[in-house]
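See below for the structure under consideration.
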Amino acid sequence: MRKVIAVIVENEHGVLARVVNMFAARGYNILSLTVAPIPNSDLSRMTIMSEGEPKVFEQIVKQLYKLIPVYKVIESDNFIEKEMAMVKFSLENNLADIDALARCYNGSISNVGEDTIVVSVVDRPVRIDNFLKAIKKFKPIEIVRSGVSVIER
Amino acid sequence: MVISGAKMVIEALLKEGVEVVFGYPGGAIMQVYDELYKYKGKIKHILTKHEQGAIHAADGYARSSGKVGVAFVTSGPGITNAVTGIATAYTDSVPLVVISGQVPVNAIGTDAFQEIDAVGITRPCTKHNFLVKSVEELPFILKEAFYLARSGRPGPIHIDIPKDVTIKEGKFTYPEKIELKTYRPTLKGNKRAIKRAVEAIASAKRPLFYIGGGAVASGSYKLVRELVKITQIPAVETLMGRGVLRHDCPYLLGMVGMHGSYAANMGMAEADLIISLGARFDDRVTGKLDEFAKNAEIVHIDIDPSQIGKVVETKYPIVGDLKLVLEDMLPLIVEKVTPERYQEWRELVFRYNELHPLTYQDSDEVIKPQWVIERTGELAPDDALITTDVGQHQMWTAQFYPFNFPRQLITSGGLGTMGFGFPASLGVKEAFPDRVVINFTGDGSIMMNIQEILTGTRYKLPVINIILNNNYLGMVRQWQTMFYQDRLSETDLSGEHQPDFVKLAESMGGIGFNVETKEEFDRAFKEALESGKVAFLNVKVDRREDVLPMVPPNSPLKNILVFKEGQE
Ligand SMILES: Cc1ncc(C[n+]2csc(CCOP(=O)(O)OP(=O)(O)O)c2C)c(N)n1
């Protein structure tokens, strides 16, 4: 089962290692991970997407709570999930087609260089998957995904 | 007060009421040792022969006294040698503060001499750890370390201090109190949850108290005894819960688990309500999990929420300090529970104790290991403190020694660390110099920290080691016999594997006895007591004795083996 949790932690050295180790020690792969400070606080927010058995997850969440610098673990069925992707194409493509496609996924052309352009889109992770399928025919040179971030509705 | 980081360490120890530090110096921790030198007479240091010994000694000190155990080690090999000790304390929730030296801050990450990522190594085996990056943060970290070690579910805390931080000076104000935004251990239990649990107990037909190490750590044994007395509900103890009830308590079915009594395990198997008082449903207790407590509901009281529901489905969870929960629970129990209700159940389970009591076949030809334990129980004073190593002798001790109070048995339950018992016993003796301290050990385990005889001699810590010498790594040998058709791969310790324990002890200022008869045992025990030296009773016991009963690994509890094959 795929699952996303948000972990609010004290912003200090070693805290990422502590959190990630809970997954590593159980042989769980982290599919995506984002971390950034929470404005006007000394806390950071991590969003972790992983895959595994619900029972093991429950245990991971409890163990995360046990970590001293962990303030809160947020689990919810009611998350808004967003992810960003940046894709680099050769300028030889039809720019209008690419631009139109990007717009369908809340995106735009971010940069036009000498012989490449970079497009960025922000959308739900499944929609990002679809976008990446759709742009295959333009032979992307490089694809970067940000990992998912979530907020409760 | 502006002082060096090293001085802050010592000042903090004094503020925390620390009387003794166990440790071993080296380059990165020298500044702290130099400061310690100036505090002679105010704080005692015990120099062990190996860092593992230092941590186990601090651990034994902590487990027996309930205080925080403190140890100093140096960087690199100092802290790696300490890791087994730290992990041992971690799995049994023992409060320790371990302080290690580290290379200077700007040398970290350069593969400097004796540099190792110490906090990386201890992270999974400490409750929390710190790498101190500046002298300014040191006072708070020291305070936090002691607070974390002893509060909530206790555990070892490791502080890694770079050498330059110990040299630099900073302002020292030791915080009186500490509050952490992210750490607030739940102490009081939820009232509604407690009420529901009491109702479950009152309406159960076959309830059972399942008492674990949490009942020791929380200091709630008196309340547990009262609870058992009032309700007359049968009780079982885990290895870590030994002594919470007196061994002769009429409601105690004995120890539960792989080598627990028949009655205790059958009680667990047949109960309709299992009430865990600080026990954690370890796999050595549940047997095959799919078949564990199939017909039982669970009440689980634990200070650590991650323990609840970890192994078994728990209908009545109560998160809180057992002592506070029991204080709230007892009045309700008095009101709602009538002991007569469980009469039939009591008779049933105690009949199991008559059917298959915990026993052994004594012999006139050879000393039985169980006899040694029982006999020691008779010869030693009631308030003697007992440590063990790991193996058959550990299980026999847990089964046959007449425990009277919590913290009387000190043993590595969770990690099962051979080599724990002897250094731990030195720490126990340091905490209780006027008590008799006995370490039951095996001829395998004792060799793992034998160097600490010198520590016992040097610091006048005369403990009595009773080696149940079967010339085998007995517990492994037993499994080979039972599950590997007696192919004894690398477990025979006869011949040149055996040292001369008498000479060995004497060479380091101890005293040793070779014991082959019961009379010799009595005499040696008496002489050991009177010698005032670290003593070794090398007792030749029946080589092929097995620990029974036994729930075979991964079997349901009811499949417990009571007899040796071919014997009845
Ligand atoms: C450090 C360590 N290494 C290995 C083991 C595995 N082990 C468990 S019991 C045992 C045999 C112990 O033999 P001994 O100390 O002679 O005790 P006996 O079982 O004979 O009473 C071994 C090797 C362990 N528990 N700890």
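Only this structure's heavy atoms are used, side chains among them; waters, hydrogens and symmetry mates stay out.
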Check this for me: B:Leu289, atom CG, are more than 12 non-hydrogen atoms of other residues, nucleotides or ligands nearer than 6.0 Å?
yes
Any chance CD of A:Glu152 has more than 12 other-residue heavy atoms, nucleotides or ligands included, within less than 6.0 Å?
yes
Among A:Gln59, A:Glu10, A:Arg18, A:Lys66, the residue with the most heavy-atom pairs under 4.5 Å to chain B is A:Arg18
By the side-chain hydrogen bond (donor to acceptor under 3.5 Å, both in side chains) test, which pairs, at least two apart or in different chains, include something from residues 118-131 of chain A?
A:Ser110-A:Ser120, A:Asp123-A:Arg127, A:Asp129-A:Arg145
How long is the span from the CG atom in A:Leu43 to the OG1 atom in B:Thr182, to the nearest 0.5 Å?
8.5 Å
Please determine whether the number of non-hydrogen atoms from other residues, nucleotides or ligands lying under 6.0 Å from atom CZ of B:Arg192 exceeds 12.
no
Side chain to side chain contact (heavy atoms under 4.5 Å, CB included), paired with B:Tyr183, selected from A:Ile68, A:Val70, A:Leu67:
A:Ile68
From the list B:Lys133, B:Gln307, B:Glu144, B:Lys181, the residue making the most non-hydrogen contacts under 4.5 Å with chain A is B:Lys181
Can you tell me if B:Lys288 has over 12 outside heavy atoms packed within less than 6.0 Å of its NZ?
no
Heavy-atom contacts under 4.5 Å, residues 147-157 of chain B to chain A
B:Leu148, B:Arg153
Nearest heavy atoms of B:Arg123 and A:Ala17, plus distance in Å
NH1-CB, 3.2 Å
Minimum heavy-atom separation for A:Pro69 to B:His128, with atom names?
CD-CE1, 3.6 Å
Heavy-atom distances under 4.5 Å only: say whether A:Lys55 touches chain B with side chain, backbone, both or neither.
side chain
May I ask you to check whether over 12 heavy atoms, not counting those of B:Asp111, lie within 6.0 Å of atom CG?
no
Based on non-hydrogen pairs under 4.5 Å, which of B:Leu131, B:Asn129, B:Ile308, B:Leu180 is most in contact with chain A?
B:Asn129
Taking side chain as everything from C-beta outward and backbone as N, CA, C, O, which of these in A:Gln63 sits under 4.5 Å from a heavy atom of chain B? Side chain, backbone, both or neither.
both
